[in-house]
Amino acid sequence: LKNTILSLSLSLSLYIYIYIYIYIYIYRYQEYDLVVSSVTTKVKGVAQTNTADFGEVVWDVVDYSPNEEKNSFFVATNFIVTKKQKQGKCPEVPHYGTLCRTDNDCKKGLWDIRSHGVQTGVCVKFDVTTKTCEVSAWCPIENTKKPPRPALLTSAENFTVLIKNNIRFPAFNFIRRNILPEVDGNYLKKCIYNQRTDPYCPIFRLGDVVQGARENFADIAVEGGVIGIQINWDCDLNRFFNSCLPKYSFRRLDEKESNRTLYPGLNFRFARYYTENGVESRTLYKAFGIRFDVMVFGKAGKFSIVQLIIYIGSTLSYYALTTVFIDWLIGTSCYSKESQQVYSERKYESVQDRQEVKHTHTHNASLHLHPGLLLV
Amino acid sequence: LKNTILSLSLSLSLYIYIYIYIYIYIYRYQEYDLVVSSVTTKVKGVAQTNTADFGEVVWDVVDYSPNEEKNSFFVATNFIVTKKQKQGKCPEVPHYGTLCRTDNDCKKGLWDIRSHGVQTGVCVKFDVTTKTCEVSAWCPIENTKKPPRPALLTSAENFTVLIKNNIRFPAFNFIRRNILPEVDGNYLKKCIYNQRTDPYCPIFRLGDVVQGARENFADIAVEGGVIGIQINWDCDLNRFFNSCLPKYSFRRLDEKESNRTLYPGLNFRFARYYTENGVESRTLYKAFGIRFDVMVFGKAGKFSIVQLIIYIGSTLSYYALTTVFIDWLIGTSCYSKESQQVYSERKYESVQDRQEVKHTHTHNASLHLHPGLLLV
Amino acid sequence: LKNTILSLSLSLSLYIYIYIYIYIYIYRYQEYDLVVSSVTTKVKGVAQTNTADFGEVVWDVVDYSPNEEKNSFFVATNFIVTKKQKQGKCPEVPHYGTLCRTDNDCKKGLWDIRSHGVQTGVCVKFDVTTKTCEVSAWCPIENTKKPPRPALLTSAENFTVLIKNNIRFPAFNFIRRNILPEVDGNYLKKCIYNQRTDPYCPIFRLGDVVQGARENFADIAVEGGVIGIQINWDCDLNRFFNSCLPKYSFRRLDEKESNRTLYPGLNFRFARYYTENGVESRTLYKAFGIRFDVMVFGKAGKFSIVQLIIYIGSTLSYYALTTVFIDWLIGTSCYSKESQQVYSERKYESVQDRQEVKHTHTHNASLHLHPGLLLV
């Protein structure tokens, strides 16, 4: 009889252990909802460059951040500028085109992926020593291949960005904003995010963001790259709403260690178009820079009775298993053969006893399924 | 014997009740697939403004919607325009810069986040009463801080947008479009979405969208905001394909009730660049407006035998539980102690009876776990 | 006794069969993580057009791809160009405006969705035979409705795009790039993606992409469309990391078969703004083209002990079910009524036997995990 109780309590406690382990680990009987998010960003800062070609130039946000996108903003940190391009004919740049000696080396209408224009079939002087095929293109052709080093707008490190993020968990009709209502307005106007001292300030210094992603701003500024700003909302709506707070983290999303000869960094070209005396011309900008992708993650959990029912159901069978396991354990390893016999005998005795009394053995059998539920 | 049957039927019906409850609530043995969506938008409408500064100006879609984005479009509703900015030196606007008396108050090269340029170190007159530090910047500097009220393009309320949304459930190889094939072409050319009368028209009046989000267009037009256009595809592919229809809903995504001094609304700056006599100038636009985010949600369900097997498996254990529960209920609360004894006696009697006949007791035990599975 | 063993082994094997079936089908005890992805694209190629209106023009990437977007790029393949538009008053184009005979037919301030400007209330000659209401608008108004056929930039078929895709599975801290490290650098500079011969080259010829989506480039180039470039990362992190490779597929996302009169294709307008003698003018481009949406899918699986426990738990109950089912099968269909009796008798005999020996029936019951499933 003692052994029966031992078996019973052992199996019960093992079951409870497994149950609680899984429960805590997965927190399964929560109903979860994923976040619906809206992001707007606003970059601030000016930079001054002083180059031989263009003299002193001031760059403001309209100049260095030509594209506005949902969930993403681009800050140009380096430029190759080609001024006064006009539609016309000019020698192709050697690296991208065909070197030639006579017109026979060139073929009218030919172009390949790397060329800046369509060949006219004429061989012309590129410089004193080199002749290349002439192309119809925007002339003069962008010549420099490598971006300036150090980057022109290294001071973009000090620019700031305000990120406004509104989230919603539709299933729970729960709304929240990364500009927390309890935070003072004057503080928000001057604060700069810092993981330790100012973790809820929505204004970020770009240099800090890049540093948070374990990159060097001066390095990444030269060829560009992609940095992820992750906002993580992990909300437990069971307790207090105040436990739903944003957590920021930063990460470089493109590959830094890539072979540098193979398309490193991030750059794109844009142009400003002009007309002078009816002729269209443009200034071509090859902008190297950092694209910041704001990525909002989040889930909210709330107690769900249905999930609980299903979860208990799927783990209930384990109780039976543990019972059998414990029985087997007692029957083989823990006791000597003799004690085992004693155990067996006792078991049958107890059964016999009951049978003698009222033939209660049927319930005894069921006992081994859910002893906790034993009735007789 | 009667009680056994009572117990049996009670537990069975409780089990079935729980089973059906969960089944209906979760619809669990469906195989689900999430939507893959493609959205294109096209805004239409013109607006005329008549201001003291610029006279009569007509704005068409190219002017007020400078950015085209996937899943999102922006309609500018208010502008602060600064014409003929050139790179140069000019006094900083008081609010953003340093007030000064002599050149010593200014520091060459200094700038902070709020300034429009880099200080030259000279103190100059801003207006009759005020002196501020001179900055290298795009001059003249944008001066107005607050957007015009009422908004310049309040009539954007009457603009329309055509939203084309193609969806696909890859797992089911199912394709659908929000321009329904059964709807008449001439109707589509003239219709305007209305939740009641025209719920499947893909053309939306912006004023209706904003109203659907419970906002006032004239209000939101001043400082801008973000409105979500949600397209919900909840498709049951078990029945008829025609049950897969889009449902539109609208919602303001940014926070309206925010402290208005703290970065309210949505605005961004863009510029048009010109050259005159070789000197580059630009017209700076600070555009306040509404960004409409088209968000496509959707899932499609189809019967899945595997999900059904798993689901039944996880709830099967409940049958045992309910059986025991019913037994316990009969044994304690429903009957008096006497009747309980009678019940118990009868139980054993019935067992005894069978034993007398053929010793069927073992199977009788099983009866209380899965009566449906009863063998003897 | 034989039958008992038969029943036992049959039910066990059925259970194992169901178990393995579900296991393989769903691969359920994996822990899954969804992909976090970053995409950058770079289009290359030039095209030359020769039209009566504009003569020879060369288009490079800045001209035909005015918008850069995250996860998406647009290549214009057809244009309707309206040069030298100025703010002014001019007759509305007949299709979009009101035909009129006298000024009374026009109403000052009137505009509708399709009009290009706001009516001035005057009726003017549009051409020799037609009079339309005058509007305040950007004049002259864009006149052509249908795009040129064939498309101006059909040679965009030969343009290429480099797609850089970096992925990350945060839960497993696993990073990967579609430019595979083991692939040779010189190969990458010259390769073009081909499903069979070059499945891991990240450079795609646009014509191949469109063909992969089973579309004709010359057709789609006229009115535009949306093509999805799907990158599928299905990674099994249990085995070798090298099994995590990208798989590309292409698909048209918008509907090709749509009624062509109802907003077919994809187009949008943009403008280049100029000033001449202080008067602002613009060149309006209605660009038809293909938007390529890069869609990254992916999940990675890794063995998870918790998922395994839950999964086994939910299927465990089936063992009971199969046992009973087999018993029933043996008891009814497989044997004649006589043999059934024999089986039944033997069953009870065996129980009796054991009872006689040591009354071992209780243990025997528990051994079978679910007494209902009891074999003896």
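By convention in this document, chain letters (A, B, ...) are assigned in the order of the sequence lines, proteins followed by strands, and residues within each chain are numbered from 1.
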Does any part of the side chain of Arg282(B), heavy atoms only, come nearer than 4.5 Å to the side chain of Val62(A), both counted from C-beta? yes
Under 4.5 Å to a heavy atom of chain B? For Tyr273(A) that would be backbone
Whatever's closer than 4.5 Å to a heavy atom in chain B on Val39(A) counts as backbone
Cut-off 4.5 Å, heavy atoms of chain A, and the answer for Arg272(B) is neither
For residues Gln87(B) and Val58(A), determine if any side-chain heavy atom of one lies less than 4.5 Å from a side-chain heavy atom of the other. yes
Scored by heavy-atom pairs under 4.5 Å with chain A, the best of Trp111(B), Phe270(B), Phe268(B) is Trp111(B)
Does the Gln48(A) side chain pair with the main chain of Gly109(B), one donor and one acceptor, at a distance under 3.5 Å? no
Under 4.5 Å to a heavy atom of chain B? For Asn158(A) that would be both
**Asked** Going by heavy atoms in the side chains, are Thr40(A) and Asp254(B) under 4.5 Å from each other?
**Response** no
Check: Got a sec: does the NZ of Lys89(B) have more than 12 other heavy atoms crowding it under 6.0 Å?
Finding: no
If one checks every heavy atom of Ile203(A) against chain B at 4.5 Å, the contacting part turns out to be side chain
If one checks every heavy atom of Asn267(B) against chain A at 4.5 Å, the contacting part turns out to be both
With chain A, the option among Val118(B), Val135(B), Thr275(B) that has the most non-hydrogen atom pairs under 4.5 Å is Thr275(B)
Counting heavy-atom pairs under 4.5 angstrom with chain B, the leader among Leu162(A), Val61(A), Thr41(A) is Leu162(A)
Honestly, the part of Lys42(A) sitting under 4.5 Å from a heavy atom of chain B is side chain
*So, the side chain of Lys164(A) versus the backbone of Gly265(B): is there a donor-acceptor pair under 3.5 Å, distance only?*
yes
Of Asn71(B), Asp293(B), Val226(B), Leu253(B), the largest count of non-hydrogen pairs under 4.5 angstrom with chain A goes to Leu253(B)
When rounded to the nearest 0.5 Å, the distance separating NZ of Lys70(A) from CZ of Phe292(B) is 13.5 Å
Cut-off 4.5 Å, heavy atoms of chain A, and the answer for Phe297(B) is side chain
Most heavy-atom pairs under 4.5 Å with chain A, out of Ser136(B), Ala137(B), Gly88(B), Ser72(B), belong to Ser136(B)
